[in-house]
Amino acid sequence: MELFLQTALSFPTAIYSFLLCVAVTYWLVVAAGLLEVDLLDIEADSMMDGSGQTEGLAGLLYKLKLDGVPVTLVLTLLFFFGWFICYFVELWLLRHLPLGILRYPLGLVVIAGAFVVAAPLCAAICRPLRPLFHKVEAISSKSVLGQVAVVRSGRVTASHGEAVLEDGGAGLILRVRADEALGFKRGDRVVLLEYLAAEHAYRIITEEEFRGS
């Protein structure tokens with residue numbers, strides 16, 4: 001355990017250790033319903049708008065064939081593989097060399113190299129997952145209006161909120177939106193009234209309002 005901690009907290013592994021801890025914390029918060037799974041998602045249409053421009057993080061993910069799945073999942077996989085590579089480079093090589101101050105420039109090279117190796121590994125995992133996410137979105141955007149879902153996030157606002165729709169399996173987690181003044185909270189039953197294509201989310205109302213009571 002001591003060797004593990006020493007290696008994980010040594011530069012350059014420490015950089016990916018920190019990023020991986022952030023990712024794990026994020027998924028724990030998502031599990032609690034306080035954040036959305038696709039919080040950092042980038043609208044694919046904005047990358048392929050006919051102008052041929054793919055800039056920033058969206059462009060990078062597209063060029064690395066990491067598009068089509070939640071950005072948060074992609075980053076988590078990149079951090080994990082980057083950490084794994086750096087860990088064993090440190091364990092098997094760097095810790096045995098008298099590097100001195102050279103550890104830092106060499107460590108930066110290892111960090112960059114780990115990312116280069118991690119990207120295709122991540123792409124290989126994301127490739128078979130891509131159709132699953134497209135299928136979920138296709139189902140959710142076309143056939144769930146008027147159905148009852150249960151709020152899973154702590155609250156629902158005009159920019160945040162999630163609800164679970166029972167589909168006979170594990171259930172679909174959908175993004176939902178409503179005026180915060182309505183006071184929707186975890187466990188409330190709501191009706192999916194309108195699909196907001198720009199946000200890939202649904203405007204919701206109470207069951208009573210939907211039935212006109």
Side-chain angles (χ1 to χ4, degrees), residues 18-49 56-58 61-62 66-80 125-126 128-213:
F18 171 76
L19 294 174
L20 192 57
C21 285
V22 171
V24 170
T25 301
Y26 166 80
W27 287 110
L28 290 175
V29 174
V30 167
L34 301 178
L35 290 176
E36 298 175 355
V37 171
D38 45 7
L39 178 67
L40 301 178
D41 263 11
I42 300 167
E43 176 58 54
D45 292 340
S46 68
M47 297 191 297
M48 301 297 290
D49 59 0
L57 180 59
L61 294 178
Y62 181 75
L66 296 173
D67 57 310
V69 298
V71 177
T72 45
L73 176 59
V74 170
L75 293 177
T76 301
L77 290 173
L78 285 173
F79 297 159
F80 171 75
I125 293 177
C126 291
L129 296 178
R130 193 176 294 125
L132 299 179
F133 288 101
H134 288 326
K135 180 179 179 181
V136 168
E137 178 145 341
I139 293 174
S140 63
S141 62
K142 294 180 180 179
S143 60
V144 302
L145 295 182
Q147 296 194 39
V148 177
V150 178
V151 176
R152 75 181 292 267
S153 53
R155 60 195 178 97
V156 178
T157 70
S159 60
H160 168 77
E162 286 186 339
V164 177
L165 176 68
E166 295 299 332
D167 63 347
L172 295 175
I173 298 177
L174 307 174
R175 286 192 279 188
V176 294
R177 302 290 184 260
D179 189 335
E180 189 171 2
L182 294 175
F184 287 121
K185 61 186 183 302
R186 184 181 291 109
D188 286 348
R189 292 171 59 85
V190 296
V191 175
L192 305 169
L193 183 66
E194 177 186 2
Y195 181 62
L196 308 174
E199 303 179 54
H200 295 301
Y202 295 84
R203 186 165 68 86
I204 59 174
I205 58 176
T206 63
E207 285 187 280
E208 292 75 14
E209 183 179 359
F210 181 73
R211 292 169 180 153
S213 56

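Starting from 1, each residue takes its place in the sequence as its number. All heavy atoms count here, side chains included; hydrogens, waters and symmetry mates do not.
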Checklist entry - Under the criterion side-chain contact (heavy atoms from CB on, under 4.5 Å), which of L192, V190, T157 is the partner of V176? => result L192

Checklist entry - Which atoms form the tightest heavy-atom contact between H160 and S153, and what is the distance? => result NE2-CB, 4.0 Å

Checklist entry - Roughly how far, to the nearest 0.5 Å, is the CZ atom of R155 from the CD atom of E162? => result 13.0 Å

Next on the checklist: Run the side chain to side chain contact (heavy atoms under 4.5 Å, CB included) test against T206 and tell me which residues pass, sequence neighbours left out.
Outcome noted: F184, E208, E209

Next on the checklist: For a quick test of reading the model, state the closest non-hydrogen atom pair linking Q147 to L165 and the distance between them.
Outcome noted: OE1-CD1, 3.8 Å

Checklist entry - Taking atom CG of L75 and atom CG of L20, what is their separation to the nearest 0.5 Å? => result 11.5 Å

Checklist entry - Sequence neighbours excluded, which residues qualify as side chain to side chain contact (heavy atoms under 4.5 Å, CB included) partners of V148? => result R189, V191, E207

Next on the checklist: Ignoring hydrogens, what is the shortest heavy-atom contact between A23 and F79? Give both atom names and the distance.
Outcome noted: CB-CD1, 4.1 Å

Next on the checklist: Restricting to non-hydrogen atoms, name the atom on D188 and the atom on G183 that form the minimum distance, rounded to 0.1 Å.
Outcome noted: OD2-O, 4.0 Å

Checklist outcome for this item: Interatomic distance, OH@Y195 vs CG@L145, rounded to 0.5 Å, equals 10.0 Å

Next on the checklist: How long is the straight-line distance from CZ of R177 back to CG of L196, given to the nearest 0.5 Å?
Outcome noted: 8.0 Å

